[in-house]
Amino acid sequence: MTMMKKSAAMSCEACPSKSKGIFCNLLSEELSEITQHKVINRYKKGQTLFVQGTHPYGLYCVSSGNIKLTKIDSAGKESIVRVVGGGDVLGHRSLFTESHYSATATAMEDTEVCFLDKKFIMKVIEDKPSVSLNIINKLSRDMGAAEEKLSSFHQKNVRERLAELFLILKESHGEKLPDGRWKINLKLTREEMATMIGTANETLIRFVSEFKDAGLIAQEGKTLFVVNEEELMEWANLAY
Amino acid sequence: MDYDQHMMKDIESIIHIPEELVSKLAKLSARLTYPVDAEIIYEGHTPIVAILLTKGRIKLVRGRRVRKILERGSLLGVPELMNNSPFEYTAQINRGSEIIYLDRSTIKEILEGTDPELAEIFVELLEQTA
């Protein structure tokens with residue numbers, strides 16, 4: 001007989017992203033209830049959490065690592081719609097609708113993700129108002145970001161959209177260095193960046209060179225740095 | 001009913017569910033059709049839900065080799081899900097396959113529930129793999 005080895009799930013209390021997550025306001029004993037019910041998995045780079053068009057089973061909480069959400073259009077072209085990291089949740093929209101996943105979620109690096117089934121999380125939402133409010137907050141921010149992206153695609157040129165992308169990445173994955181630069185802790189290929197701003201690879205490469213030459217950004221190996229935030233705001237046509 | 005005759009000898013955490021019980025389980029959760037080929041469980045992961053295959057095929061892959069092809073009536077992932085233990089294969093579902101999924105809350109309801117026939121299957125499965 002194969003022995004099933006029961007393993008203890010990492011406690012929500014010890015989660016490196018606890019302060020940024022939807023359960024951040026819960027007490028220790030409330031968190032322990034969630035720890036006991038959740039399923040925790042470590043996804044390797046390239047493994048998918050869910051696939052566009054399939055049915056959602058519940059809520060994913062990202063503990064560490066980055067996950068890209070991609071959509072494939074009818075021509076088979078893939079574009080990144082969002083990148084989520086520690087403290088973010090996935091599948092929260094599906095809790096309140098019966099819609100299928102509108103994108104595919106893929107780990108961009110080794111990523112630790114917890115999963116809570118829909119019945120359980122709905123009970124938590126009913127019992128704990130702070131969790132409901134935090135989910136509403138996430139949904140509102142998602143909606144704001146989607147509106148921004150939509151208007152950006154309609155009203156801005158590629159140069160402005162690229163400047164805006166660097167500023168968004170600085171906000172979401174930036175780490176302030178002592179020399180004043182911002183290190184972007186996210187490895188994106190040129191192709192992935194191109195899909196994020198809706199342009200061709202070649203165009204993106206040309207503009208990245210222009211940004212480097214102008215001293216707005218820098219690159220060391222595969223790591224990107226935001227060097228001049230104020231100038232980037234101007235290039236993005238945003239008020240500083 | 002003798003459920004042992006439905007057991008798959010080579011992978012003991014996967015059992016075959018007889019037709020009359022499939023319809024009972026269908027009342028507890030929705031039947032879903034996969035519109036694409038997909039990896040539904042990765043080798044070494046704890047399944048996020050258990051899967052009862054009601055139409056189509058699921059391939060169990062380890063390394064690069066297909067070790068088994070599951071057909072209608074196969075129930076996989078219950079002991080691993082309930083024990084937080086790793087599934088030993090990558091489960092790949094074929095496009096067009098139909099499943100009933102059982103999450104942890106639903107399995108707990110079955111174990112504590114009012115249908116002794118269903119509860120017995122799940123208890124036996126969990127005891128056998130404990």
Side-chain angles (χ1 to χ4, degrees), chain A residues 1-11 33-61 72 76 90-91 94 98-107 110-124, chain B residues 7-14 28-51 77-90 92-93 95-110 125-130:
Chain A
M1 182 188 290
T2 311
M3 288 298 286
M4 286 275 172
K5 207 174 171 184
K6 185 165 180 167
S7 61
M10 182 186 75
S11 149
E33 200 184 318
I34 291 164
T35 299
Q36 280 170 21
H37 196 87
K38 72 181 181 180
V39 173
I40 183 163
N41 279 311
R42 179 171 277 272
Y43 290 82
K44 292 179 194 152
K45 182 181 177 179
Q47 288 188 329
T48 55
L49 283 75
F50 52 79
V51 179
Q52 183 177 343
T54 58
H55 182 86
Y57 297 130
L59 186 80
Y60 294 87
C61 296
I72 296 181
L90 289 168
S94 70
E98 286 303 313
S99 57
H100 288 183
Y101 286 124
S102 59
T104 295
T106 309
D110 282 0
T111 302
E112 203 154 72
V113 183
C114 299
F115 172 84
L116 291 162
D117 63 64
K118 192 170 174 175
K119 277 183 190 168
F120 179 80
I121 193 70
M122 290 312 282
K123 193 174 173 300
V124 172
Chain B
M7 295 287 181
M8 300 172 74
K9 299 293 180 197
D10 46 351
I11 306 172
E12 69 181 5
S13 69
I14 299 172
L28 300 174
S29 190
R31 275 181 204 262
L32 308 171
T33 302
Y34 265 80
V36 289
D37 292 344
E39 265 127 2
I40 48 172
I41 309 171
Y42 286 106
E43 181 183 345
H45 278 197
T46 301
I48 57 168
V49 291
I51 302 281
V78 174
E80 293 88 352
L81 172 61
M82 300 313 283
N83 292 321
N84 275 325
S85 57
F87 196 69
E88 293 180 23
Y89 304 87
T90 291
Q92 298 174 337
I93 193 162
R95 179 184 177 176
S97 296
E98 191 184 82
I99 62 139
I100 294 168
Y101 74 94
L102 301 168
D103 56 35
R104 194 171 267 181
S105 296
T106 306
I107 296 173
K108 281 183 177 173
E109 283 170 11
I110 292 170
L125 178 59
L126 291 171
E127 281 177 358
Q128 189 179 343
T129 50

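Remark: A:Thr54 OG1 to B:Ile93 CD1 distance equals 10.0 Å, nearest 0.5 Å. From B:Leu32, atom CG reaches atom OH of A:Tyr57 across 5.5 Å, with rounding to the nearest 0.5 Å. Here the OH atom belonging to A:Tyr60 is positioned 3.0 Å from the CD1 atom belonging to B:Ile48, to the nearest 0.5 angstrom. Separating the OG1 atom in B:Thr106 from the CG atom in A:Asp117 is a distance of 6.5 Å, to the nearest 0.5 Å.
Residue A:Gln36 touches chain B through its backbone alone, counting heavy-atom pairs closer than 4.5 Å. Contacts between A:Phe115 and chain B at a heavy-atom distance below 4.5 Å involve the side chain alone, from C-beta outward. Looking at B:Ile99, the atoms closer than 4.5 Å to chain A (heavy atoms on both sides) all sit in the side chain, from C-beta outward.
Scanning all heavy atoms of the two residues, the minimum distance from A:Gly53 to B:Pro35 falls at O-CG, 3.3 Å.
For the pair A:Ile40 and B:Thr46, the minimum side-chain heavy-atom distance is 4.5 Å or more. Side-chain contact between A:Val39 and B:Pro47 is absent, with no heavy-atom pair separated by less than 4.5 Å. In this structure, the side chains of B:Glu109 and A:Lys119 come closer than 4.5 Å at one or more pairs of heavy atoms.
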Show me the side-chain donor-acceptor pairs of residues 43-51 of chain A shorter than 3.5 Å, one per line, residues at least two apart or across chains.
{"unit_1": "A:Gln47", "atom_1": "OE1", "unit_2": "A:Lys44", "atom_2": "N", "d": "2.9"}
{"unit_1": "A:Thr48", "atom_1": "OG1", "unit_2": "B:Tyr42", "atom_2": "OH", "d": "3.1"}

Check against ring-ring contact (aromatic ring centres under 6.0 Å, His included), B:Tyr34 and A:His55: CA-CA 8 Å; B:Tyr34 265 80; A:His55 182 86; 9.4 Å; no

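Side-chain contact check for A:His37 and B:Ser105: at least one donor-acceptor pair (N or O, by modelled atom type) lies under 3.5 Å.
Checking side-chain atoms of A:Asn41 against main-chain N and O of B:His45 turns up no donor-acceptor pair under 3.5 Å.
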